[in-house]
Amino acid sequence: MAVRAGSQPTSSFDRPLPVPPLARAVTDDAGVRHFTLTAATGTTQILPGVATPTWGYNGTILGPTLRARRGDRVAVHLANQLPEATTIHWHGMHLPARFDGGPHQPIESATTWDPEWTVLQPAATLWYHPHPHGRTQKHVYRGLAGLFIVDDDQTDALDLPARYGVDDIPLLIQDKRLRSDGTLDESDSESVGLLGDVIVTNGIHGAFLTLPGGRARLRVLNGSTARMYNLGLADDREFHLVASDGGVLQRPVPATRVALSPGERVELVVDVTDAPLMLRSFPFGDRAGLGAEARGFGVLDSFDILELRPSGVPAPRQLPTALATIDRLDPSSAVQRRHFELQWFEINDARMSTSRIDFSTTRETIEVWTIENTDDRPHNFHVHDVQFQILDIDRRPPPAELAGWKDTVYVPPGRPVRLIMRFADYGDPTLPYMYHCHMLFHEDRGMMGQFLVLGPGQSPQPVSMT
Ligand code: C2O
Ligand code: CU
Ligand code: CU
């Protein structure tokens with residue numbers, strides 16, 4: 001029944017792609033935008049005619065797209081109707097540690113949580129997902145994930161496709177493994193974790209997307225727990241990358257492939273003019289950048305993902321030549337350099353402990369972090385609270401598509417990646433932010449650490465979890 005990994009998919013792409021609805025926001029007298037999310041169990045036909053028990057926010061799988069503008073005050077009311085504790089983390093969002101939704105903000109079953117913050121960052125495609133200590137992989141795999149789109153005036157002014165659900169399409173790509181009774185197979189492999197052979201777009205397998213014809217923008221999230229994708233179009237046509245994790249790039253970057261490790265996002269603009277076009281994940285060609293043990297991570301697999309169907313043939317439109325000015329952070333202004341070694345479920349020879357603060361940093365300072373994967377298998381690296389810039393990868397400047405704002409980066413074995421970041425606005429001596437490998441099995445096994453951002457004159461006073 002399941003489509004076999006590495007083989008030609010057997011499915012026909014004949015199910016309309018579900019587009020996550022925009023979450024309704026209620027604005028109160030003080031101007032705060034209130035969203036309501038309920039996490040609960042349900043049943044989804046990931047494969048047609050097969051009932052699979054799943055988890056979702058305000059639905060049976062995934063969640064609505066939250067949307068807010070830079071400068072907005074937002075409040076989320078999360079009701080946990082799951083049979084166990086969860087958390088909700090705002091991946092890529094710059095916000096106070098106490099609302100970050102990491103392992104220190106558990107929401108017990110049948111209780112609620114009400115984070116509230118001001119959106120202070122540029123337009124970007126962010127996402128939200130659970131982050132309970134040691135349980136993140138399973139919660140995400142069962143279906144808990146959604147997008148959070150931030151808008152701002154600069155990005156609105158760009159001539160990019162921007163009609164949500166029409167030519168501006170959220171696309172969450174994930175993989176599942178189904179047992180013959182339709183339930184999700186949750187057996188982990190000891191190295192990669194959950195790797196599925198059923199590729200799922202916005203919650204279902206075998207979808208097509210009808211587009212007006214002409215330019216369309218896909219906001220792609222690799223929402224898989226472990227699988228990496230090497231995306232392209234079946235006829236190898238060129239598309240343009242316009243945004244990375246934290247917002248638009250300086251200018252559109254032409255590409256025929258784009259690699260996404262778990263947690264990363266990319267916005268791409270594709271011209272769909274004549275015949276249906278297949279979005280596909282191709283085998284990774286650069287084996288050296290993957291490590292000797294990478295085969296087990298599915299990097300040689302190829303999958304059809306989504307069929308794009310034009311419904312008209314409009315006149316071709318040019319993309320803007322410039323999108324944004326991204327000021328480069330200056331490494332000579334860094335007050336601190338840190339080194340992180342990724343190796344077999346450990347960072348710097350230690351597994352995550354919720355009662356150990358790995359280091360503290362200071363608000364309004366710049367730091368340079370070197371991430372080194374000394375393992376023989378793939379890992380990536382995600383930092384909470386900030387969007388960072390990549391200074392270099394293996395001592396070479398990053399390619400254009402990685403030169404914008406990022407919060408998650410693939411770290412090839414043996415090729416150190418240097419990041420620069422600035423900690424701003426929020427200090428808290430009591431509650432940490434996380435950094436970790438976003439292959440969620442690795443994260444759950446302890447490939448994660450915690451840091452405090454201290455305000456001026458503060459000293460660490462971490463509260464331990466109960
Ligand atoms: Cu996407 Cu620490 O998370
Ligand atoms: Cu995060
Ligand atoms: Cu890892």
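Whatever order the structure lists them in is the order used to number ligands and atoms, beginning at 1.
- When you scan the N, O or S atoms of H131 for the one nearest atom 2 (Cu) of ligand 1, you land on NE2.
- When you scan the N, O or S atoms of H379 for the one nearest the Cu ion (ligand 3), you land on ND1.
- A donor atom on one side chain and an acceptor atom on the other are not found under 3.5 Å apart for H104 and H131.
- Figure legend: R280 and F303 shown without cation-pi pairing, the cationic atom not lying both under 6.0 angstrom from the six-membered ring centre and within 45 degrees of its axis.
- Using a cut-off of 2.8 Å, one finds that H89 contributes an N/O/S atom close to the Cu ion (ligand 2).
- H382 lies close to the Cu ion (ligand 2), since one of its N, O or S atoms is found at a distance under 2.8 Å.
- Counting backbone and side-chain atoms alike, H384 contributes an N/O/S atom closer than 2.8 Å to atom 2 (Cu) of ligand 1.
- A donor and an acceptor atom, one from each side chain of T38 and Q81, are nowhere located under 3.5 Å apart.
- The closest side-chain donor-acceptor pair between R418 and H339, if any, does not fall under 3.5 angstrom.
- At a cut-off of 3.5 Å, with distance as the only test, a side-chain donor of E267 or T125 sits close to an acceptor on the other residue.
- No side-chain N or O of H438 forms a donor-acceptor pair with one of T408 less than 3.5 Å apart.
- With the Cu ion (ligand 3) as the vertex, atom ND1 of H442 and atom SG of C437 span an angle of 130° (nearest 10 degrees).
- At least one N, O or S atom of H436 sits under 2.8 Å from atom 2 (Cu) of ligand 1.
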